[in-house]
Amino acid sequence: MTATASPQTTVLAEQRVDGPTRPAKHRMSAKTLRWQIGLYVLLLVLALVYIYPFLVQVATSFKTDAAAAADPISLVPQPFTWAAYERLFLNSDFPVWFGNSVVVTVFVTAGRVFFNSLAGYALARLQFRGRGIVFAGLVAVMAVPAVVLLIPKFLVINQLGMYDSYAGMILPLLVDAAGVFIMKNFFESIPPSVEEQARIDGAGTFRIFWSVVLPMARPALITIVILSFQGSWNELSHFVISTQSPELTTLTKGVASLASGQLSQGSQFPLKLAAAALMTIPVAVVFFIFQRRIMNASEGAVKE
């Protein structure tokens with residue numbers, strides 16, 4: 001006769017089989033937890049290493065010249081003073097620098113958003129002779145270092161009579177190759193069927209671009225806004241070759257003059273770092289406002 005296992009015997013056998021595997025699972029989860037803790041500790045250390053110079057910059061801006069020279073990397077200003085900021089706003093051309101940077105950045109950002117979008121849409125949708133050559137030239141411009149173009153840019157600005165003016169500061173920056181490249185790739189990701197209904201209703205090319213396609217490109221537009229704002233706000237080399245009047249000095253040019261010691265005597269660490277700290281605030285504000293919308297491909301998605 002064949003022995004038949006009872007239900008109780010089967011349950012006990014399953015418990016004996018499953019029993020030894022549970023500690024292994026617990027050991028695996030504990031090992032994973034240790035790896036995660038180690039990873040977070042490493043990331044925290046790297047974050048502190050990365051942010052420490054910025055903390056030193058902010059702390060030093062509230063020190064006296066003597067305290068900054070004696071202990072330059074301390075994070076505790078002793079004594080605490082607003083002297084550097086008072087001198088920047090009351091006894092220097094810092095407000096003029098700031099105003100010039102605001103004017104240039106606003107116009108350049110608005111211009112890049114508009115013209116980069118137009119050029120990107122033309123390369124993505126319009127069929128015209130030489131489109132491939134234009135795109136190849138665009139990629140070639142992206143590969144050329146900006147410093148190589150400084151002398152030709154100066155010659156063109158001077159020849160057109162725009163040297164030492166807002167026009168010479170703004171117009172050459174209204175379009176950038178990287179922005180056109182980003183907009184072209186995003187427009188190509190939008191199905192052409194979206195535009196067919198508007199074209200059937202009699203809408204022209206610009207109307208389709210402005211009313212149909214451009215609202216769908218909001219993630220790419222926000223990316224262009226951030227990159228354009230940051231690029232024009234931090235631009236230096238272009239302003240060096242396009243202006244010479246003190247009335248047209250921007251923040252980057254003025255802070256560079258402070259850092260080189262042209263406008264002050266001695267180390268003047270608090271003054272220089274206070275100007276640099278104030279310069280970073282607008283870019284940080286814009287980035288933190290729009291960071292969640294940078295190239296969010298889920299927005300504007302269309303199902304065919």
Side-chain angles (χ1 to χ4, degrees), residues 104-160 162 167-195 205-206 208-210 212-242 252 283 286-287 290-291 293-302 304:
V104 172
T105 301
V106 169
F107 279 98
V108 170
T109 302
R112 285 188 177 182
V113 169
F114 181 68
F115 292 115
N116 288 349
S117 301
L118 280 177
Y121 183 76
L123 290 173
R125 287 290 193 264
L126 302 185
Q127 301 294 330
F128 57 90
R129 182 176 299 178
R131 187 178 68 164
I133 298 176
V134 173
F135 182 69
L138 181 72
V139 175
V141 170
M142 294 174 59
V144 176
V147 67
V148 177
L149 303 176
L150 289 181
I151 294 178
K153 189 184 295 185
F154 166 75
L155 295 176
V156 172
I157 292 174
N158 191 38
Q159 189 68 25
L160 294 178
M162 297 188 302
M169 299 169 66
I170 295 173
L171 291 181
L173 299 179
L174 288 182
V175 180
D176 67 311
V180 176
F181 185 81
I182 292 173
M183 295 305 301
K184 173 185 179 297
N185 289 339
F186 194 90
F187 285 137
E188 288 178 342
S189 68
I190 299 177
S193 59
V194 175
E195 307 167 42
T205 302
F206 185 81
I208 294 174
F209 160 76
W210 186 260
V212 179
V213 179
L214 196 61
M216 300 176 62
R218 183 181 302 175
L221 291 177
I222 292 175
T223 302
I224 297 299
V225 167
I226 295 176
L227 296 179
S228 301
F229 187 94
Q230 182 181 15
S232 55
W233 184 265
N234 295 331
E235 180 63 41
L236 174 61
S237 58
H238 172 70
F239 300 140
V240 170
I241 65 167
S242 61
T252 50
V283 176
V286 170
F287 179 79
F290 295 109
Q291 63 173 335
R293 297 178 178 267
I294 297 178
M295 293 303 293
N296 183 4
S298 61
E299 288 193 28
V302 178
E304 291 188 287

Contact summary for A217 and F187, nearest pair of heavy atoms:
CB-CE2, 3.7 Å
As a quick check of understanding, evaluate side-chain contact (heavy atoms from CB on, under 4.5 Å) for V104 and F239, giving each step before the final call.
CA-CA 10 Å; V104 172; F239 300 140; 3.6 Å; yes
From K184 NZ over to L123 CG, what is the distance, rounded to the nearest 0.5 angstrom?
6.5 Å
Could you tell me which non-hydrogen atom of S242 sits nearest to which non-hydrogen atom of G168, and how far apart they are?
CB-O, 3.8 Å
I need the L173 CG to K153 NZ distance, nearest 0.5 Å.
6.0 Å
Enter the distance from Q230:CD to T109:OG1 here, rounded to the nearest 0.5 Å.
11.0 Å
Beyond-backbone contact of D176 with M142, side-chain heavy atoms, under 4.5 angstrom:
no
side-chain contact (heavy atoms from CB on, under 4.5 Å) assessment of E195 paired with V213:
CA-CA 8 Å; E195 307 167 42; V213 179; 3.7 Å; yes
Check P192 against R125 and note the closest heavy-atom contact, atom names and distance.
N-NH2, 3.8 Å
If you measure from CG on L138 to CD1 on I133, what distance do you get to the nearest 0.5 Å?
13.5 Å
Taking atom types as modelled, find out whether E235 and S237 have a side-chain donor-acceptor pair closer than 3.5 angstrom.
yes
Heavy atoms, side chains only, cut-off 4.5 Å: are Y121 and T205 in contact?
yes
Quickly, which of V283, V108, V286 forms a side chain to side chain contact (heavy atoms under 4.5 Å, CB included) with W233? Name it, please.
V283
If we only count heavy atoms from C-beta on, is the L118 to F206 side-chain gap below 4.5 Å?
yes
Within a strict 4.5 Å, meaning less than it, do heavy atoms of the L214 and L221 side chains meet?
yes
If you take all heavy atoms of F128 and A122, which pair is closest and at what distance?
CE2-O, 3.7 Å
First locate atom CZ of F154, then atom NE2 of H238, and finally report the distance between them rounded to the nearest 0.5 Å.
12.0 Å
Find the distance between CG (N116) and CD1 (I224) and round it off to the nearest 0.5 Å.
5.5 Å
Can you list the steps and then say if S232 with F107 is a side-chain contact (heavy atoms from CB on, under 4.5 Å)?
CA-CA 10 Å; S232 55; F107 279 98; over 6 Å; no
Minimal heavy-atom distance between A167 and P172, with the atoms involved, is O-CD, 3.6 Å
Quick one: do L227 and I182 satisfy side-chain contact (heavy atoms from CB on, under 4.5 Å)? Show the steps, please.
CA-CA 11 Å; L227 296 179; I182 292 173; 3.8 Å; yes
